[in-house]
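No hydrogens, no waters, no symmetry mates; every other heavy atom, side chains included, goes into these values. All ligand and atom numbering here is 1-based and tracks the order in the structure.
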Amino acid sequence: MPVAVIILAAGQGSRMKSDLPKVLHPVAHAPLLAHAMMAAQSVADRLVVVAGVGADQVTAAAQEIDPDVQVVLQEDQNGTAHAVDQARAALADFDGDVIVLYGDTPFVRPETLQAMLDARAAGNAVIALGFEAANPGRYGRLVVDETGLQAIVEAKDASPEQLQITLCNSGVICADRAMLFDLIAAIGNDNASGEYYLTDTVGLARARGLPCAAITCDESETQGVNSRADLAAAEAVFQTRKRAEVLANGATLSAPETVFFAFDTFVGRDVMIEPNVVFGPDVTVESNATIRAFSHLEGCHVSQHATIGPYARLRPGAEIGDHARVGNFVEIKAAQIGEGAKVNHLSYVGNAEIGAAANIGAGTITCNYDGVFKHQTVIGARAFIGSNSALVAPVRVGDDAMTASGSVITGDVPDSDLAIARAKQVNKPGLALRLMNKLRAAKAAKTKE
Ligand code: UD1
Ligand code: CA
């Protein structure tokens, strides 16, 4: 059966106290909306996002995540049923099941959505996703009896007995497309909020003698974001889940609770990640690599058996080859580090290509920026760059070439040559001691005065 997912993302999110629409706030470097869309994509053939507040920004973000998404507009936020109704025309030609998700409830698992679809296939008209709430508060309550789901009652409209129910409504609902829009057409707004409640689809279906069901999941899956504190809690939920996934895939994390991943971090088998490592977006770490403590990686690729850190920073475009080593206080940006090359201490390598087995000495700087343009530094295979070399790009150091330490290299160095680009050393015999004695005598004369 084909599946369409409607993501509600029109709400104001006023408790965020932000100029940014709520669903565009990030968790693990991707907007909440992207997390919801990724969850949807696991089951959906069609995706519709309902935008309202900040519609231009929300539309642009949705299309960037999935160019095939349909975005519809809800001008006024008159309730969740009214929001879903805005997708009526967009799905007029669609035959199949529809799942409604919230853009601010990003962590529903694919397995949970599949369980709802299975309950649909078993003949239920409307399926709601519920959870046992630690604090039922203002959540809608699922009224369930031996015949299945009877109704969803909003907290504001609930009787004191109904408020005792702890099985709460996550907001996720599943129904056949034609049935869903048919039920929505019958929903009124005669309730405590004066809104059109999507939750009323259950009572209406039951009144027609149609069976409904509740599927349950863990509360962490339905974690909604309404405030900055909720956003931080959502980040924690994501990180806990991602750490478990990385461990399950065969990586070692010696202190998992101190490692922070992005939504798309890829970590291969037998990777070792030491404490306090932070991943920005778009990082791939291949098998058997080691990421040592306090390193920060984003937009980069680490190949097999490479070692990064401790205290290394890999910025976008860093490509670290097999068995290469990037050590402490080294920053790499837009640069390829060849197989087995070493950049072990206190260096900046930007806009560069480092050949296989090259050795970049401590304190090497690629001077890649002239204030307007970026320039490239190319270092050949097995080259040896002496400590404290400044490589003024554009410049090329050939295969098997060397630079003397302390050199400022402004011209190309041919293969196998040694470049020395610093003042020649001059020794003045005995001068150090004579100078020191003179200074000490001056100090002694001063204290006598
Ligand atoms: C809703 C449910 C409630 C459930 C709770 C879970 C209804 C009537 N109630 O209540 O049973 O326990 O979610 O969090 O459905 N939205 C729109 N347009 C609108 C209204 C809402 O796009 O006109 C979006 C919001 O941006 C949000 C979601 O729908 O992402 C839920 O809306 P919200 O107002 O937060 O619903 P609740 O009152 O919390
Ligand atoms: Ca809410």
Participant: First locate atom CD1 of Ile127, then atom CZ of Arg120, and finally report the distance between them rounded to the nearest 0.5 Å.
Facilitator: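 It comes to 6.0 Å.
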
Participant: Which bit of Val50 is near ligand 1, meaning a heavy atom under 4.0 Å away: side chain, backbone, both or neither?
Facilitator: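 It is neither; nothing of Val50 touches ligand 1.
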
Participant: Which part of Glu195 is near ligand 1, with near meaning a heavy atom under 4.0 Å away: side chain, backbone, both or neither?
Facilitator: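 Looking at Glu195 and ligand 1, no heavy atom falls under 4.0 Å.
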
Participant: For Tyr197 and ligand 1, does the shortest N/O to N/O distance drop below 3.5 Å?
Facilitator: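 No, Tyr197 has no N/O under 3.5 Å of an N/O on ligand 1.
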
Participant: Measuring from Arg138:CZ to Lys156:NZ, what's the distance to the nearest 0.5 Å?
Facilitator: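 Reported to 0.5 Å precision, the distance equals 7.0 Å.
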
Participant: Out of Glu154, Arg15, Arg138, whose heavy atom is nearest to atom 9 (N) of ligand 1?
Facilitator: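 Answer by nearest heavy atom: Glu154.
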
Participant: Tell me the closest heavy-atom pair linking Ala205 and Val126, and the distance in Å.
Facilitator: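 Scanning both residues completely, I find the closest heavy atoms to be CB-CG2, 4.1 Å.
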
Participant: Going by heavy-atom distance to atom 19 (C) of ligand 1, choose the closest among Lys156, Gln74, His82.
Facilitator: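 It is Gln74 that holds the nearest heavy atom.
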
Participant: Looking only at the side chains, is there a donor atom on one of Tyr197 and Asp157 sitting less than 3.5 Å from an acceptor on the other?
Facilitator: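 Yes, a side-chain donor-acceptor pair sits under 3.5 Å.
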
Participant: For ligand 1, does Ala83 get within less than 4.0 Å through its side chain, its backbone, both, or neither, judged by non-hydrogen atoms?
Facilitator: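 Answer for Ala83: side chain.
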
Participant: If you measure from atom 5 (C) of ligand 1 to every heavy atom of Leu142, Asp104, Asn169, which option wins on shortest distance?
Facilitator: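 Minimum heavy-atom distance to atom 5 (C) of ligand 1 goes to Asn169.
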
Participant: When you look for heavy atoms under 4.0 Å from ligand 1, do you find them on the side chain of Cys168, its backbone, both, or neither?
Facilitator: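 Cys168 to ligand 1: no contact under 4.0 Å from either part.
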
Participant: Can you find an N or O of Gly140 that's nearer than 3.5 Å to an N or O of ligand 1?
Facilitator: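 N/O-N/O distance below 3.5 Å exists for this pair.
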
Participant: Quick check: Thr80 and ligand 1, any N/O pair under 3.5 Å apart?
Facilitator: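 Checking ligand 1 against Thr80, an N or O pair does fall under 3.5 Å apart.
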
Participant: Without hydrogens or angle criteria, can the side chains of Asp145 and Thr147 be said to hold a donor-acceptor pair below 3.5 Å?
Facilitator: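 A donor-acceptor contact under 3.5 Å links the two side chains.
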
Participant: Kindly confirm or rule out an N or O of Asn226 lying under 3.5 angstrom from an N or O of ligand 1.
Facilitator: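 Checking ligand 1 against Asn226, no N or O pair falls under 3.5 Å apart.
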
Participant: Is the Phe294 ring parallel, tilted or perpendicular to the Tyr311 ring (thresholds 30°, 60°)?
Facilitator: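 Judged by the thresholds at 30° and 60°, the geometry between Phe294 and Tyr311 is parallel.
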
Participant: Do Gly79 and ligand 1 have an N or O pair less than 3.5 Å apart?
Facilitator: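 N/O-N/O distance under 3.5 Å: yes.
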
Participant: Could you list all the side-chain hydrogen bond (donor to acceptor under 3.5 Å, both in side chains) pairs where at least one residue sits in residues 250-274, not counting sequence neighbours?
Facilitator: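 Pairs touching residues 250-274 that pass the test: Glu274-Arg292.
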
Participant: Ligand 1 and Ala10, any nitrogen or oxygen pair closer than 3.5 angstrom?
Facilitator: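 There is such a contact, yes.
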
Participant: Examine distances only and state if a side-chain atom of Lys22 and a backbone atom of Met16 form a donor-acceptor pair shorter than 3.5 Å.
Facilitator: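 No.
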
Participant: Could you state the interatomic distance from CD1 (Ile385) to OG1 (Thr364), rounded to the nearest 0.5 Å?
Facilitator: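 Reported to 0.5 Å precision, the distance equals 6.5 Å.
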
